[in-house]
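Have a look at the structure below, then the notes.
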Amino acid sequence: MKIGQNSVVELCYELEVDGEIVDRTTRERPLDYIHGTGALLPKFESSIEGLEPGGKFSFTLTPEEGYGEVDPNRIIDLPKQAFEVNGVIQESLLVPGTTIPMLNGRGGVVPGKVLEVSENFVKMDLNSPMAGKTLNFSGEILTVREATGKELHDGLHGENVHSCCCGGHGEGHEGGCGHHGEGHEGGCGHHGEGHERGCCGGHHGDGEGCGHHGEGHEGGCCGGHHGDGCCHKDE
């Protein structure tokens, strides 16, 4: 069977960025998704459409086809109160270089990287970790089948059933740029055993949302870990 609309696809891949492998899935822990439902980057999906199990792929996505260029407007200052959980500011999270899941104004989860911490404010970079990057994917299609009606309605892993942000638990690491990666933090995300995905668009999210929205922009610490995978779209 060939990959087409509403196919359930399992695949393994490697993602190379700037000459380094930054994300990968394996045959034992593949990426799985429903094709044509907007789970992955559009160009990723179109690049593998029509392939069958055993088919290999290799393609490059420009920043425009991936996560766009770095947007200076997504580097913002948030009051420390945005990082309260149960009335207590989570000082242990506020370390430059740390990636924290944040709630945006639409209730979606985005990764925010701590850049600077002052007495009252935290400077955060809400750009995707893959913003401005050229993404080089290679891999193999493992299985292809038709999605069931229940999977189309509920999501492949029941993710459409959950309406509240920052709930549920996953086992695994913080997803990086990529999908199931090994130890990457950040922003795109999908599933697979051992991977976590941000609660508002997938399964395997965890956190205790404080749900604070910092003054009109993207804000609000979602608590816990947010993982995504690299072929996935940002929320």
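What you are looking at is a predicted structure, and each value in this text was computed from that prediction instead of being measured.
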> For atom NZ of Lys123, is the number of surrounding heavy atoms from other residues, nucleotides or ligands below 6.0 Å larger than 12?
Replying inline: yes

> Looking only at atom types and distance, does a side-chain atom of Asp154 sit under 3.5 Å from a main-chain N or O of Val161, one as donor and one as acceptor?
Replying inline: no

>> Could you report the tightest heavy-atom contact between Leu126 and Gly112, atom names first, then the distance?
In response: CD2-CA, 3.5 Å

>> Between Thr26 and Cys12, does the side chain to side chain contact (heavy atoms under 4.5 Å, CB included) criterion hold? Intermediate values first, please.
In response: CA-CA 5 Å; Thr26 64; Cys12 56; 5.5 Å; no

> Do Leu41 and Tyr67 come within less than 4.5 Å of each other through their side chains, counting heavy atoms only?
Replying inline: yes

> So, Glu45 side chain and Pro42 main chain: donor-acceptor pair closer than 3.5 Å or not?
Replying inline: no

>> Given 3.5 Å as the limit, does a donor-acceptor pair link the side chain of Asn127 with the main chain of Val70, or not?
In response: no

>> I want to check something: taking the side chain as every heavy atom from C-beta on, are Val8 and Thr143 in contact at a cut-off of under 4.5 Å?
In response: no

> What's the verdict on side chain to side chain contact (heavy atoms under 4.5 Å, CB included) for Ile48 and Phe137, showing C-alpha distance, side-chain angles and the deciding distance?
Replying inline: CA-CA 11 Å; Ile48 63 173; Phe137 286 100; over 6 Å; no

> Of the non-hydrogen atoms in Pro53 and Met1, which two are nearest, and what is the gap between them?
Replying inline: CD-O, 3.4 Å

> Looking at Lys80 and Phe121, what are the two nearest heavy atoms and their distance?
Replying inline: CG-N, 4.2 Å

> Can Phe59 be reached from Val17 by stepping across I, L, V, M, F, W or Y side chains whose heavy atoms are under 4.5 Å apart?
Replying inline: yes

> Is there a side-chain contact between Asp32 and His157, using heavy atoms and a 4.5 Å cut-off?
Replying inline: yes

> Going by the angle between their ring planes, with limits at 30° and 60°, are Tyr13 and Phe44 parallel, tilted or perpendicular?
Replying inline: perpendicular

> Do you reckon Leu156 sits in the same ILVMFWY cluster as Leu142, going by side-chain contacts under 4.5 Å, direct or chained?
Replying inline: no

> Taking side chain as C-beta onward, heavy atoms only, is Thr134 less than 4.5 Å from Pro63?
Replying inline: yes

> Just by modelled atom types, is the Met130 backbone N or O under 3.5 Å from a matching donor or acceptor in the Ser128 side chain?
Replying inline: yes

> Counting only heavy atoms not in Glu91, do more than 12 fall under 6.0 Å of its CD?
Replying inline: yes

>> Rounded at 0.5 Å granularity, tell me how far CG in Asn136 sits from CG in Leu15.
In response: 7.5 Å

> Minimum heavy-atom separation for Lys133 to Asp18, with atom names?
Replying inline: NZ-OD2, 3.0 Å

> Which atoms form the tightest heavy-atom contact between Leu152 and Asn160, and what is the distance?
Replying inline: O-ND2, 4.1 Å

> Between Glu116 (side chain) and Val114 (backbone), is there a donor-acceptor pair under 3.5 Å?
Replying inline: no

>> Applying salt bridge (Lys or Arg N to Asp or Glu O under 4.0 Å) to Arg24 and Glu14, what does each step give before you reach the verdict?
In response: CA-CA 4 Å; Arg24 60 162 56 91; Glu14 287 189 341; 3.3 Å; yes

> Between Val117 and Ile75, is there a shared hydrophobic cluster once you connect ILVMFWY residues whose side-chain heavy atoms come closer than 4.5 Å?
Replying inline: no

> Counting only N and O atoms by type, is there a donor-acceptor contact under 3.5 Å from the side chain of Thr98 to the main-chain atoms of Leu94?
Replying inline: no

>> Please give me the minimum heavy-atom distance between Glu151 and Glu146, naming the atom from each residue.
In response: OE1-O, 4.5 Å

> Any side-chain heavy atom of Met124 within less than 4.5 Å of one from Arg74?
Replying inline: no

